[in-house]
Amino acid sequence: MPPAMTGSIRVATAAVGSLLISFVALGSPLATNPQLPLLTSIKEVRSLSPAEAKLGYPVCLRATITYFDPTENFLFMQDATTGIWASSSWPILPVAAGDVVEVQAKTTFTDFAPDLTDLHLKRVGRTPLPVPDRATFEQLASTLEDSRWVEIEGSVREAEYLHRYPWEQVLWMDVAVPGGHIDVSIPWNGSSVPPPHLVDARVRIRGACGANFNAKRQLVGVQIYVPDLREVTTIEAPPINLAAQSPTPIGQVQRFGSRNTLGHRVKLAGIVTAVLQNRGFYLQDNSGSIYVQSRQANDFTYGDEVEILGFVAFADSHLRLEDGSVRRLRRNAALKRAEIGVEEAFSEKYDSDLVTLQGRIVGRSALREQQVLMIQQKQSIFPVIFSRSVPARQLPDEGSLVKVTGVCVNDIDSFGRVSAFKLIARAGEDVTVLQRPPWWTVRRALMSIAVLGTLTAVVLAWVLVLRRRVRLQTRLISRKLLEEEALKEAAEMASRSKGEFLANMSHELRTPMNAIVGFTDLLLDTPLTEEQRDYVTTVQFSSNALTRILNDVLDFSKIEAGELLLEQTTFSLRSCVERILQLIAPEANRKHLALDLRMENDVCDRIVGDPYRLHQVLLNLLGNAVKFTDKGSVTLRISCIDRSESSLLLQFTVADTGIGIPLEAQTRIFQSFHQGDGSTTRKYGGTGLGLAICSRLVSLFGGSIWVESAPGQGSSFHFTARFSLPAEAVPVRAGDLLRDAV
Ligand code: ADP
């Protein structure tokens with residue numbers, strides 16, 4: 001068999017009025033499982049497990065009713081074995097405590113213990129109620145006495161007539177017995193007179209023992225169901241009529257030598273200093289403060305002056321007043337508050353007193369309903385708890401210096417020492433700001449550091465990106481430079497090779513050419529027929545032209561290779577120029593061109609330089625002038641544009657009235673192998689090397705060359721050249737004379 005379960009009471013789900021009660025005839029067939037054995041005693045029912053009880057065993061027994069609640073449609077009954085709680089899905093036949101009934105029912109398990117349902121009762125007589133079990137609180141709370149007829153003795157803490165339904169009242173009592181408190185409920189129809197001064201009286205009560213249990217089917221309280229007020233006997237009236245007494249000063253409660261009243265009621269009066277919703281409030285008079293636990297707490301507020309009758313008790317090393325019945329004397333009474341420091345708050349002298357403390361807010365809770373401020377004064381930090389919900393924005397910011405008013409509550413450890421304290425304040429108005437927090441708070445500093453850190457990180461990241469880009473670009477540029485360097489070297493190498501090749505070739509060609517020219521000259525001195533002479537003359541002309549070209553190529557190669565150096569020879573400028581004019585005169589005459597030489601007076605005749613290269617430049621320019629001019633004139637002008645003791649800078653101008661040069665070709669013609677345009681080559685021939693050689697020779701002369709021209713307007717080629725002046729003392733060498741004579 002399963003261990004015995006105790007019965008339970010429970011407020012029935014359907015309240016059924018007594019008018020609805022109708023008689024249900026005994027003997028109706030019970031819808032039970034025929035396999036299950038019939039149970040004939042309450043003890044057998046109580047021994048069932050919850051699962052077994054739910055099977056619905058048939059029950060047939062005789063018992064005495066100990067309590068009947070027609071409104072909630074349940075009853076307690078007891079037979080010779082034990083008691084049980086029973087209810088029914090139909091209204092139960094009205095019975096009264098003391099009725100003997102024959103019961104047909106079936107077992108069930110409603111919520112706490114096996115019980116009976118589907119009751120069919122037959123009243124068969126009356127009997128005195130059973131001899132009650134005189135149970136202690138521990139026995140009652142152990143569930144052993146559950147549903148049995150019991151007797152308790154204790155003092156009434158609270159007594160109230162409550163309206164359970166509009167038509168029905170119950171007398172509810174809180175009775176303190178050794179070990180705990182018991183709820184007592186007695187149906188009261190208002191007709192019988194309740195005993196006077198129940199509160200604080202010592203009473204003996206008989207009734208059916210019920211259990212208050214939670215949703216997990218655990219017993220959390222004991223309730224005695226008394227069928228009639230006659231079962232309540234006053235053993236001892238309240239010791240004094242407190243209503244007529246003057247209140248005890250709070251500071252005197254439980255003091256040595258004073259009239260100690262533990263277990264009995266005291267009367268206190270004072271002003272409410274803090275209200276803890278649904279729980280109680282702090283009360284203060286001139287002599288001290290105390291916490292009052294009262295179900296009326298919500299009816300009172302800060303500043304109410306009240307009078308209380310309550311029972312003194314200890315809890316957590318604090319005195320408190322329990323089960324207080326409170327009466328308001330007046331509102332908005334002036335409150336005395338002590339301004340104290342943390343040392344005093346820790347001294348326990350101000351425990352439960354209204355005090356004012358200063359400090360700086362070092363923290364705020366983020367809870368929505370319950371705001372808490374953490375306040376620091378010196379080395380101590382204490383919490384301020386608000387008894388009412390305060391919007392967080394109404395509270396000062398962290399770092400503010402504040403003055404807080406509230407009830408000081410000490411926490412006392414197991415050695416009786418104050419380990420901490422808190423202030424219970426009303427609301428925002430109990431916190432006065434003395435000083436706003438400095439703008440530069442730790443939070444802001446951290447935020448600034450975070451922002452700076454982020455910025456630095458971004459900048460660093462950007463720098464890294466840029467550095468990477470620069471590195472890539474640098475690598476690219478270096479590669480390009482290397483490539484260019486290699487290309488340049490290759491080009492230079494190619495150019496050198498080309499130069500060398502040209503020089504070599506020209507040299508190699510010149511030797512046989514000299515032979516051709518020489519032998520052609522000799523051949524012309526021999527007797528020849530007219531036709532032969534004509535042929536040989538053509539060979540001579542072509543050979544001379546080819547020799548000139550070869551000389552040009554050789555000179556250019558030399559200049560490019562940096563191998564051409566100017567000689568320094570004293571020579572006659574006029575002789576040099578006249579010789580050139582003599583050379584071009586035949587061609588000019590053939591074209592009917594006027595040849596003109598204008599040499600300024602300040603131009604020295606004898607100068608020091610390289611007459612051969614000057615001859616070459618002038619011959620090229622004059623040759624071109626004659627070549628590109630069909631009518632008009634060719635003029636050579638020489639002027640001195642700068643002179644010092646030892647040198648002079650001459651400007652030579654070769655002007656013609658020829659075809660002219662377009663602007664875009666004017667710079668190009670000084671580059672090697674470039675001519676004015678393609679048609680020039682076809683019409684006038686040439687290699688495009690002449691002006692390139694001139695330009696480089698003029699550079700060697702320390703001067704520059706340029707052209708002024710327009711198509712059809714003729715051309716003027718200018719160049720400057722620096723020459724030294726011969727020292728008077730310097731003797732003229734034989735070589736110089738020889739060259740002058742050329
Ligand atoms: P080329 O051997 O072809 O004459 P140059 O270097 O002496 O080579 O001359 C280059 C080009 O400059 C010529 O082909 C011609 O187009 C132009 N040029 C030079 N001198 C004259 C000039 N006096 N009048 C017109 N064009 C000229």
Side-chain angles (χ1 to χ4, degrees), residues 499 502 506 509 541-560 564 577 580-581 583-585 587-598 612-638 651-701 703-721:
L502 282 175
S506 305
L509 288 171
F541 177 79
S542 302
S543 310
N544 284 334
L546 197 56
T547 307
R548 264 201 311 280
I549 292 171
L550 286 172
N551 283 340
D552 275 359
V553 171
L554 200 61
D555 282 348
F556 185 73
S557 306
K558 265 189 173 174
I559 293 168
E560 288 291 276
L564 196 136
V577 169
I580 300 160
L581 292 175
L583 281 174
I584 59 157
E587 180 63 10
N589 288 338
R590 195 183 62 77
K591 296 177 88 173
H592 307 291
L593 300 176
L595 255 186
D596 199 6
L597 169 67
R598 289 185 201 164
Y612 174 69
R613 296 298 170 189
L614 178 63
H615 178 277
Q616 191 178 352
V617 175
L618 283 171
L619 184 61
N620 191 60
L621 294 180
L622 285 163
N624 279 349
V626 171
K627 186 161 78 171
F628 294 109
T629 307
D630 291 331
K631 63 173 188 287
S633 62
V634 172
T635 308
L636 169 63
R637 272 194 301 273
I638 307 172
Q651 178 170 337
F652 299 82
T653 301
V654 177
D656 63 51
T657 55
I659 59 170
I661 307 164
L663 192 64
E664 63 276 10
Q666 287 180 13
T667 46
R668 207 169 56 219
I669 55 174
F670 291 103
Q671 293 164 11
S672 48
F673 308 109
H674 276 95
Q675 294 181 317
D677 58 50
S679 60
T680 317
T681 321
R682 283 191 298 280
K683 190 170 174 194
Y684 299 97
T687 56
L689 265 180
L691 285 178
I693 292 170
C694 288
S695 158
R696 282 158 181 76
L697 287 175
V698 167
S699 297
L700 289 174
F701 274 114
S704 55
I705 186 165
W706 69 97
V707 65
E708 289 168 352
S709 180
Q713 305 281 312
S715 311
S716 290
F717 281 86
H718 308 270
F719 75 90
T720 56

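Worth saying up front: this structure is predicted, and the values here are computed from it rather than measured. Atom set for the values below is all heavy atoms of this structure, side chains included, hydrogens, waters and symmetry mates excluded. In listed order, ligands and their atoms are each counted from 1.
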* Asked: Between CG of Leu583 and CG of Leu618, what distance do you get to the nearest 0.5 Å?
  -> 11.5 Å
* **CG on Leu622 to NE2 on His615, rounded to 0.5 Å** => 10.0 Å
* Asked: For Phe628 and ligand 1, does the shortest N/O to N/O distance drop below 3.5 Å?
  -> no
* Report the C-alpha separation of Arg613 and Asp555 in whole Å, then their side-chain angles, then the decisive distance to 0.1 Å, and conclude whether the salt bridge (charged side-chain N to carboxylate O under 4.0 Å, His left out) test is met. => CA-CA 10 Å; Arg613 296 298 170 189; Asp555 282 348; 3.1 Å; yes
* Give a yes/no on ligand 1: does Gly658 have at least one heavy atom closer than 4.0 angstrom to it? => no
* Are Phe670 and ligand 1 in contact, using a heavy-atom cut-off of under 4.0 Å? -> no
* Fit a plane to each ring of Phe652 and Phe719, take the angle between them on a 0 to 90° scale, and name the class: parallel (under 30°), tilted (30 to 60°) or perpendicular (over 60°). => parallel
* To do: State the atoms of ligand 1, each with its element, that fall below the 4.0 Å cut-off from a heavy-atom position in Ala625.
  => 23 (N)
* To do: Considering non-hydrogen atoms only, spot the tightest contact between Arg637 and Ala655 and give its length.
  => NH2-CB, 4.5 Å
* Is there a side-chain contact between Leu636 and Thr653, using heavy atoms and a 4.5 Å cut-off? -> no
* To do: Just go through Val626, Leu691, Asp656 and tell me whose heavy atom is the nearest to atom 9 (O) of ligand 1.
  => Leu691
* Considering only heavy atoms, which of Leu622, Ile669, Ile661, Ile659 lies nearest to atom 12 (O) of ligand 1? -> Ile669
* Structure fact -> Logged contact type for Thr629 with ligand 1, heavy-atom cut-off 4.0 Å, is neither
